[in-house]
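For reference, the structure is listed below as structure tokens.
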Amino acid sequence: MIDLKILRTDPDSVKEALKKRNMDLTIFNYLITLEQKRREAINNSESKKAERNSISSQIAAARKNKENGKALELQKKAKEISNEVKILDEETKKINEDLMSKLLYIPNFPSENSPVGIDENDNKVVKKWGEPRNFDFEPLAHWDLGLNIDSMDFERASKLSGSRFTILKKQLAKLERVLVNFMLKVHTEENDYIEFALPYMVKRDIMTACGQLPKFEDEAYKTTDDMFLIPTAEVPLVSLHKNEIIEFNDLPLKYTGYTPCFRREAGSYGKDVKGMIRVHQFDKVELVWITKPENSDKALEELTLNAESILQKLNLPYRVVNLCTGDLGFNAAQTYDIEVWLPSQDKYREISSCSNVKDFQGRRENIRFRDKDNELKFVHTLNGSGLAVGRTLIAIMENYQTEDGKIKVPEILQNEMGVEYIG
RNA sequence: GGAGAGGUGGCCGAGCGGCCGAAGGCGCUUGCCUGCUAAGCAAGUGAGGGUUUAUACCCUCCGAGGGUUCGAAUCCCUCCCUCUCCGCCA
């Protein structure tokens with residue numbers, strides 16, 4: 001959620017931010033008038049309340065002095081005022097609710113570090129690592145590779161659960177498990193993250209605080225008792241500190257956790273329908289930072305490097321893309337997408353998305369810290385995949401495939417896997 | 001699922017219709033004191049919002065939402081959460 005105060009003190013910056021995101025500006029004018037109406041309403045009801053409170057204490061005083069007649073008269077007057085207050089409060093509440101419901105749909109302000117642009121074509125590649133391998137044969141897609149070695153089963157997956165599910169078996173199932181373990185090991189032992197095992201279902205207010213709701217309700221799976229399956233471990237990890245005040249010296253907090261993620265993928269009809277690139281349930285190791293405001297930009301660089309380190313250790317070629325303002329997600333002020341090379345598609349594909357959310361979530365979650373000057377301030381939050389496990393598995397399969405249809409196990413995993421080749 | 005207890009400031013904890021935004025303690029900040037540390041003494045110390053150049057003033061908040069009342073942390077209702085015991089169970 002954006003800061004209401006900014007709407008009043010610096011409305012142009014809000015306008016600018018919405019423009020950068022290519023948003024319709026009619027909402028902006030509506031917000032401005034609503035904000036004014038809100039303050040008027042507050043003033044009206046508060047001055048009535050002040051009046052009522054002063055009469056109330058006069059009643060108490062009169063009672064004490066046994067001036068019962070006077071007290072009764074004052075009570076009559078106070079009753080009238082009290083009724084007026086009720087009406088004024090009702091109005092204020094209505095305006096407030098309207099304003100809040102609109103505000104929850106306003107995305108975060110883009111960071112200065114995000115290039116201004118319309119869509120993904122304006123994203124800036126800021127880094128390339130590794131060279132895509134030259135194949136002297138036609139590289140297969142991961143689904144063909146998986147089927148050929150009898151380690152992926154899409155037919156039975158759809159029998160069980162419908163489209164966009166995958167079943168892994170044998171060495172690929174094991175590779176998935178080994179990958180999770182590998183990622184967590186790197187992040188906890190080398191990158192200094194604290195590991196969490198988390199609930200996969202959360203309450204509605206948690207989803208809202210995190211910025212997933214109300215705008216993206218279509219994207220989430222809901223249970224019959226109004227719980228939500230988490231779309232990412234970011235949700236429980238960031239919400240750990242909801243409504244908390246964090247000690248100055250405890251910042252930054254660096255958290256990691258592995259969870260499955262559940263997404264309906266509404267609106268992605270026809271996109272990546274084959275294979276396990278875009279599925280309703282996937283495994284992910286998530287990285288979350290909670291920082292002081294002045295450190296979040298630096299933290300994003302570091303978090304992104306932490307995610308990259310996994311790809312480097314696996315020797316998978318990738319590039320890093322700084323998303324333009326038009327392509328930024330709802331919560332993000334700045335985002336680096338890490339894209340891994342997929343030979344069968346002859347393309348880099350997203351495998352991690354690392355975002356600086358600044359105080360946008362901190363405000364919604366009400367997570368604060370006491371600054372050096374003793375002021376309470378909202379923390380900045382950051383999140384990134386470190387990495388999406390399924391897509392890492394795919395990348396390994398495709399990049400490490402051999403001409404005879406096997407998959408070489410990346411050197412760093414060979415010990416854990418116990419084999420040099422799969423298939 | 002059944003029975004009971006409870007949710008108060010950064011934390012602990014009192015208050016159970018009107019000088020209660022809330023005693024007391026811990027913590028924290030500042031000053032004094034002491035060779036350092038610790039202890040001791042004194043003062044200060046909740047959050048959000050509104051008005052204001054400012055000093056300052058006002059409103060709201062004691063799990064959430066309603067209700068009773070001139071007035072609610074305190075009384076009533078609903079909901080949520082936590083704990084204890086019992087049942088069921090991986």
Side-chain angles (χ1 to χ4, degrees), chain A residues 1-9 31-101 103-104 197-209 213 222-228 236 239-251 253 260 290 292 359 362-379:
Chain A
M1 192 163 62
I2 61 167
D3 188 350
L4 244 192
K5 263 184 224 147
I6 291 180
L7 195 61
R8 190 186 330 152
T9 55
L31 281 176
I32 295 279
T33 49
L34 257 188
E35 209 281 325
Q36 271 166 6
K37 274 165 87 180
R38 170 178 161 270
R39 276 185 297 147
E40 277 169 34
I42 286 173
N43 275 330
N44 287 342
S45 87
E46 283 193 354
S47 56
K48 277 287 166 205
K49 277 180 192 168
E51 206 178 323
R52 182 195 64 191
N53 288 349
S54 103
I55 294 179
S56 274
S57 50
Q58 285 174 47
I59 294 172
R63 281 271 183 84
K64 227 176 187 173
N65 298 332
K66 307 270 186 216
E67 300 172 278
N68 281 342
K70 189 180 170 195
L72 277 173
E73 205 174 301
L74 285 168
Q75 276 186 33
K76 225 166 131 191
K77 199 168 156 199
K79 175 88 179 164
E80 275 169 39
I81 295 172
S82 220
N83 286 336
E84 287 177 62
V85 165
K86 229 172 246 177
I87 294 165
L88 290 170
D89 267 352
E90 200 72 26
E91 268 173 48
T92 311
K93 199 176 153 192
K94 243 191 233 154
I95 293 169
N96 233 340
E97 275 170 5
D98 193 11
L99 182 59
M100 282 307 144
S101 68
L103 226 44
L104 283 176
L198 299 152
Y200 305 156
M201 285 191 269
V202 296
K203 295 183 288 184
R204 174 175 286 273
D205 65 308
I206 298 296
M207 287 288 275
T208 305
L213 298 179
K222 191 164 45 168
T223 72
T224 47
D225 36 12
D226 210 32
M227 300 278 279
F228 292 83
S239 302
L240 285 171
H241 294 290
K242 186 166 188 282
N243 290 330
E244 289 184 13
I245 294 170
I246 297 171
E247 290 294 326
F248 184 87
N249 289 322
D250 288 345
L251 295 172
L253 296 167
I290 298 178
K292 296 166 196 162
D359 64 358
R363 185 172 296 107
R364 282 171 92 120
E365 295 261 8
N366 191 30
I367 305 173
R368 294 171 298 175
F369 72 102
R370 207 172 282 282
D371 209 351
K372 279 238 159 34
D373 55 10
N374 233 14
E375 289 272 294
L376 284 175
K377 290 182 181 145
F378 291 116
V379 296

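Convention: sequence-line order gives letters A, B, ...; per-chain numbering from 1.
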Exercise. Grab the CD-C1' distance between E51(A) and G71(B) for me, whole Å please.
Key: 15 Å
Quiz item: Among the nucleotides G66(B), C70(B), G49(B), which one has an atom lying closest to any side-chain atom of E46(A)?
Solution: G49(B)
Exercise. Name the pairing partner of G44(B), where a pair is Watson-Crick or G-U wobble with both distances under 3.5 Å, or state none.
Key: C28(B)
Quiz item: Reckon K79(A) has a side-chain N or O less than 4.0 Å from the OP1 or OP2 of C70(B)?
Solution: yes
Practice problem: Select one nucleotide: of G50(B), C58(B), C70(B), the one nearest the side-chain heavy atoms of I42(A). | Solution: G50(B)
Quiz item: Rounded to the Å, how far apart are N366(A) CG and G63(B) P?
Solution: 17 Å
Quiz item: Between E247(A) (CD) and C11(B) (C1'), how many Å, whole number?
Solution: 10 Å
Exercise. Determine the contact category for A60(A): base if any of its heavy atoms lies under 4.0 Å from a base atom, sugar-phosphate if only primed atoms, P, OP1 or OP2 are that close, otherwise nothing.
Key: base
Quiz item: Expressed in angstrom and rounded to an integer, what is the separation of Q36(A) atom CD from G50(B) atom P?
Solution: 13 Å
Quiz item: When the nearest nucleotide of RNA chain B is assigned to K49(A) and to L74(A) on a heavy-atom basis, which residue is associated with the more 5' position?
Solution: K49(A)
Self-check item: Watson-Crick or G-U wobble partner of A90(B), both distances under 3.5 Å
Solution: none
Quiz item: Given C81(B), G50(B), C59(B), which nucleotide is nearest the side-chain atoms of N43(A)?
Solution: G50(B)
Quiz item: Expressed as a whole number of Å, how far does the P atom of C26(B) sit from that of C85(B)?
Solution: 33 Å
Practice problem: Both distances under 3.5 Å, Watson-Crick or G-U wobble: report the partner of U53(B), or none. | Solution: none
Self-check item: Sugar-phosphate only, base, or nothing, as touched by L376(A) at under 4.0 Å among non-hydrogen atoms
Solution: sugar-phosphate
Exercise. Determine the contact category for R63(A): base if any of its heavy atoms lies under 4.0 Å from a base atom, sugar-phosphate if only primed atoms, P, OP1 or OP2 are that close, otherwise nothing.
Key: base
Practice problem: Using both distances under 3.5 Å as the test, list the Watson-Crick or G-U wobble partner of A39(B), or none. | Solution: none
Quiz item: Using atom C1' of each nucleotide, how far apart are C70(B) and C81(B) to the nearest Å?
Solution: 34 Å
Quiz item: Base, sugar-phosphate alone, or nothing: which one does I245(A) contact when heavy atoms must sit under 4.0 Å apart?
Solution: sugar-phosphate
Practice problem: May I ask which nucleotide in the shown strands pairs with C62(B), Watson-Crick or G-U wobble, both distances under 3.5 Å? | Solution: none
Practice problem: For U60(B), take OP1 and OP2 only and decide whether either is under 4.0 Å from a side-chain N or O of K93(A). | Solution: no
Exercise. Scan every strand shown for a Watson-Crick or G-U wobble partner of A5(B), both distances under 3.5 Å, and answer none if you come up empty.
Key: U82(B)
Practice problem: Send over the distance from L99(A) CG to G49(B) P, rounded to a whole Å. | Solution: 13 Å
Quiz item: Whole-Å distance between G9(B) P and E244(A) CD?
Solution: 14 Å
Quiz item: Has R370(A) got a side-chain N or O lying under 4.0 Å from the OP1 or OP2 atom of G10(B)?
Solution: no
Quiz item: Using a cut-off of 4.0 Å on non-hydrogen atoms, how would the nucleic acid contact of R8(A) be classed: base, sugar-phosphate, or nothing?
Solution: sugar-phosphate
Quiz prompt | U68(B): pairing nucleotide in any strand, Watson-Crick or G-U under 3.5 angstrom | solution = none
Quiz item: Does OP1 or OP2 of G48(B) have a side-chain N or O of R368(A) closer than 4.0 Å?
Solution: yes
Exercise. With a 3.5 angstrom cut-off on both distances, give the Watson-Crick or G-U wobble partner of C19(B), or none if there isn't one.
Key: none
Practice problem: Report yes if a side-chain nitrogen or oxygen of N53(A) is closer than 4.0 Å to either non-bridging phosphate oxygen (OP1 or OP2) of C59(B); otherwise report no. | Solution: yes
Practice problem: Find the distance K86(A):NZ to G66(B):P and express it as a whole number of Å. | Solution: 12 Å
Quiz prompt | Between C59(B) and U52(B) - C1' atom distance, rounded Å | solution = 15 Å
Quiz item: Do the side-chain N or O atoms of S57(A) get closer than 4.0 angstrom to the phosphate oxygens (OP1, OP2) of G71(B)?
Solution: no
Quiz item: Mind checking the C1' distance from C62(B) to G17(B)? Whole angstroms is fine.
Solution: 15 Å
Practice problem: May I ask you to evaluate whether R204(A) reaches the phosphate of C80(B), defined as a side-chain N or O under 4.0 Å from OP1 or OP2? | Solution: no
